[in-house]
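All chains are named by letter (A, B, ...) in the order of the sequence lines, taking the proteins before the strands, and each is independently numbered beginning at 1.
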Amino acid sequence: MTNPVDLLKQKLFPEALATPEELAMKYPSRSVAEGALVTRIAPSPTGFVHLGSLYTSLISERLAHQSRGIFILRIEDTDKKREVAGMAELFAATLQHYHLTIDEGLGADGQESGNYGPYTQSARIQIYQSYVKALYEQGLAYPCFATPAELEALRSHQETIGERSGYYGRFAAWRTKSPEEALAAIEQGLKPVMRLKSPGNFHTKIIINDLLLGRREMPENDQDIVILKTDGLPTYHFAHAVDDHLMGTTHVIRGNEWFPSLPLHLQLFAVLGWQPPQYAHLAPIQKMDEGKKRKLSKRKDQEANMEYYQQAGYPAAAVIEYLLNLANSNFEDWRRANPTADNTSFELSWKKLANSNGPLFDLAKLNDISKELISRLDAPTVFSNTLEWAKKYNQAFHRLLVDNQEYIQKILDIERSGTPKPRKDIARWAEVENEIAYFFDDNFEVPSTVYQAALTELQGANQQQIIKDFLAVYNISDNPEMWFEKLKVVGKQHGFAATNQDYKADPAQYRGQVGSIAKVLRLLLTGRTQTPNLCLIMQVMGEDRIRRRLSLS
RNA sequence: GGUCCCUUCGUCUAACGGUUAGGACACCAGGUUUUCAUCCUGGUAACAGGGGUUCGACUCCCCUAGGGACUACCA
């Protein structure tokens with residue numbers, strides 16, 4: 001006849017579980033080079049990819065790779081109620097989009113790779129159960145049948161008597177129940193959770209070493225936290241200890257919302273008999289909301305969603321460089337000193353990271369970084385990036401790009417190649433459509449109000465004659481200097497000073513200055529008051545289009 | 001309530017205990033330019049407050065205030 005202790009164990013755990021010794025054999029410690037970091041990002045697939053997750057991923061990936069270590073993507077899908085299908089794959093694909101290389105775990109192709117898997121927690125249930133069973137056998141874990149209502153009642157009771165809330169010490173009713181009582185609860189059809197029997201004392205302080213915060217003192221954990229939920233899946237805390245031990249994580253880099261649970265995590269490593277990893281807790285990226293700083297929120301802030309940046313058409317590298325700048329403020333000095341280097345050759349420093357508080361998200365800074373970065377690209381690269389963006393987000397524009405590849409590349413090359421200071425007017429691929437719109441005849445028009453305003457600049461001069469005279473001497477192969485000289489000559493014939501200085505010196509002698517003529521030409525040709533160099537625009541537009549637009553007046 | 005974390009221009013930040021508190025973005029002004037953008041020059045703008053320690057404090061200590069995190073069978 002089976003005794004209650006064995007019977008309960010049978011009810012609590014499946015028959016064939018590996019022992020901790022077997023698991024230790026299956027997942028041997030890694031042989032990585034001296035000083036190499038093994039880091040991971042461990043998202044919960046409950047929604048879109050958050051800017052903060054990318055930030056943490058970036059730091060983890062860079063620190064791993066610059067030490068010739070390993071970066072792992074692990075999926076923490078233990079909350080089946082909040083899980084959203086496809087989000088794990090989206091995460092992997094997003095890391096790939098930002099050129100963060102996953103060495104192990106879920107890859108962008110949707111497949112897992114690596115010898116320490118599975119890397120999806122729901123596929124690791126038996127591993128967690130093995131360790132829970134071992135803890136149970138050592139008297140370090142116990143089943144708890146308290147219902148949510150009972151826990152709620154406990155909480156309010158603790159509040160009224162002024163005690164810390166939680167399941168601990170004398171409040172942990174199931175901590176001391178006998179196997180018979182547990183068996184009786186199972187008989188009634190109740191499902192237990194497994195709790196840690198915490199050996200901690202709240203009044204004992206422990207020393208914590210965080211790579212960024214430094215040496216801190218905190219109370220020991222005494223909460224009998226849930227380690228296995230009724231559905232058999234582990235809670236974050238337990239899965240963290242088991243997975244990061246088995247996977248050989250050397251450095252856990254994560255948001256500082258986890259900092260308060262560090263005593264618990266260290267305790268878990270201790271009861272499991274393992275060496276904990278090093279920890280680095282990062283301050284979250286924040287946002288100003290009604291005069292107050294707060295964490296970027298998944299629900300409230302569109303700029304928290306990486307899809308926002310992709311849809312807006314920010315280059316992946318611009319977003320990465322913005323985040324690098326938040327991580328290490330000396331990044332921008334490095335960038336100035338190395339204008340063309342790939343940002344992966346920037347060495348991320350722990351020390352600089354430590355000084356970072358929760359920075360406020362700054363779209364203006366991102367735009368600046370993005371403009372600077374795009375200005376350094378050549379026209380074919382701008383074109384191909386825009387094409388890739390449009391394929392996903394703007395079908396009509398994509399068609400235009402495909403049909404006019406050569407023409408558009410020439411447009412994009414205006415004041416770009418061969419210029420020491422290329423224009424900085426594109427921050428996002430989505431802006432290219434507007435940037436090149438006037439080079440096409442569909443929907444081209446000169447707004448009459450703007451046109452009228454330009455006409456007044458001519459001070460009654462004969463616009464048609466001016467254009468006729470200009471076209472008579474214009475040669476499409478003229479360089480900008482020649483082009484402008486010719487415009488000056490025509491201007492002079494019609495009473496316009498060749499330079500602003502000339503005009504200012506003797507205003508009575510002139511109708512105006514040559515810039516006014518350029519302004520009218522620009523308007524007729526582009527419909528705009530602000531464009532790149534007009535001579536270069538005309539060369540790209542071609543003779544036919546020039547004559548057509550100028551004769552419309 | 002409890003346990004922690006944080007605090008320098010509007011924003012991101014720099015400053016062995018000795019600096020006119022520096023840079024970048026943004027903003028403003030001037031210049032260059034056929035317009036715009038670029039580019040150049042200049043400018044406005046900060047040590048949360050109060051106590052100490054010290055010849056000397058942004059820097060070290062304490063207190064206060066403000067902000068933030070956690071306090072789930074969510075991560």
Would you mind reading off the distance between [X] atom [atom1] and [N] atom [atom2], rounded to a whole angstrom?
{"X": "Leu360(A)", "N": "rU7(B)", "atom1": "CG", "atom2": "P", "result": "15 Å"}
{"X": "Phe484(A)", "N": "rU35(B)", "atom1": "CZ", "atom2": "C1'", "result": "11 Å"}
{"X": "Tyr322(A)", "N": "rC12(B)", "atom1": "OH", "atom2": "C1'", "result": "7 Å"}
{"X": "Glu159(A)", "N": "rU71(B)", "atom1": "CD", "atom2": "C1'", "result": "12 Å"}
{"X": "Arg216(A)", "N": "rC70(B)", "atom1": "CZ", "atom2": "P", "result": "18 Å"}
{"X": "Asp413(A)", "N": "rA37(B)", "atom1": "CG", "atom2": "P", "result": "22 Å"}
{"X": "Glu332(A)", "N": "rU11(B)", "atom1": "CD", "atom2": "C1'", "result": "12 Å"}
{"X": "Asp244(A)", "N": "rA75(B)", "atom1": "CG", "atom2": "P", "result": "15 Å"}

Inset, instruction - Check whether the side chains of Ser198(A) and Gln223(A) place a donor and an acceptor atom closer than 3.5 Å, and report yes or no. - result: no
Given [options], the nucleotide with the shortest approach to the side chain of [X]:
{"X": "Pro260(A)", "options": "rU34(B), rC70(B), rC25(B)", "result": "rC70(B)"}
{"X": "Asp368(A)", "options": "rA26(B), rU3(B), rC74(B)", "result": "rA26(B)"}
{"X": "Ala364(A)", "options": "rC25(B), rU3(B), rA75(B)", "result": "rC25(B)"}
{"X": "Glu415(A)", "options": "rC74(B), rC73(B), rA37(B)", "result": "rA37(B)"}
{"X": "His237(A)", "options": "rG2(B), rA75(B), rA24(B)", "result": "rA75(B)"}
{"X": "Thr230(A)", "options": "rA26(B), rC73(B), rU34(B)", "result": "rC73(B)"}
{"X": "Asp362(A)", "options": "rC4(B), rC12(B), rU11(B)", "result": "rU11(B)"}
{"X": "Trp258(A)", "options": "rU34(B), rA75(B), rA72(B)", "result": "rA75(B)"}
{"X": "Asn357(A)", "options": "rC25(B), rU34(B), rC6(B)", "result": "rC6(B)"}

Legend entry - Any donor-acceptor pair under 3.5 Å from Thr419(A) side chain to Pro422(A) backbone: no
Inset, instruction - Look at the side chain of Arg82(A) and the backbone N and O of Thr46(A), then say whether any donor-acceptor pair between them is shorter than 3.5 Å. - result: no
With a 4.0 Å cut-off on heavy atoms, is [X] in touch with a base, just the backbone sugar-phosphate, or nothing at all?
{"X": "Arg335(A)", "value": "nothing"}
{"X": "Ala146(A)", "value": "base"}
{"X": "Phe259(A)", "value": "sugar-phosphate"}
{"X": "Asn533(A)", "value": "base"}
{"X": "Val226(A)", "value": "sugar-phosphate"}
{"X": "Arg164(A)", "value": "sugar-phosphate"}

Inset, instruction - Establish, yes or no, whether the cationic atom of Arg335(A) lies under 6.0 Å from the six-membered ring centre of Phe331(A) and within 45° of the ring axis. - result: no
Legend entry - Shortest non-hydrogen contact from Leu196(A) toward Tyr142(A): O-CE2, 3.9 Å
Inset, instruction - Starting at CG of Leu213(A), measure out to CG of Asn256(A) and round the result to the nearest 0.5 Å. - result: 7.0 Å
Legend entry - From NZ (Lys486(A)) to OH (Tyr474(A)), nearest 0.5 Å: 9.0 Å
Legend entry - Reading 5' to 3' through nucleotides 39-44 of chain B, protein heavy-atom contacts under 4.0 Å coded B for base, S for sugar-phosphate only, - for none: S-----
Inset, instruction - Can you tell me which residue pairs pass the side-chain hydrogen bond (donor to acceptor under 3.5 Å, both in side chains) test with a partner in residues 208-217 of chain A, sequence neighbours excluded? - result: Asp210(A)-His281(A)
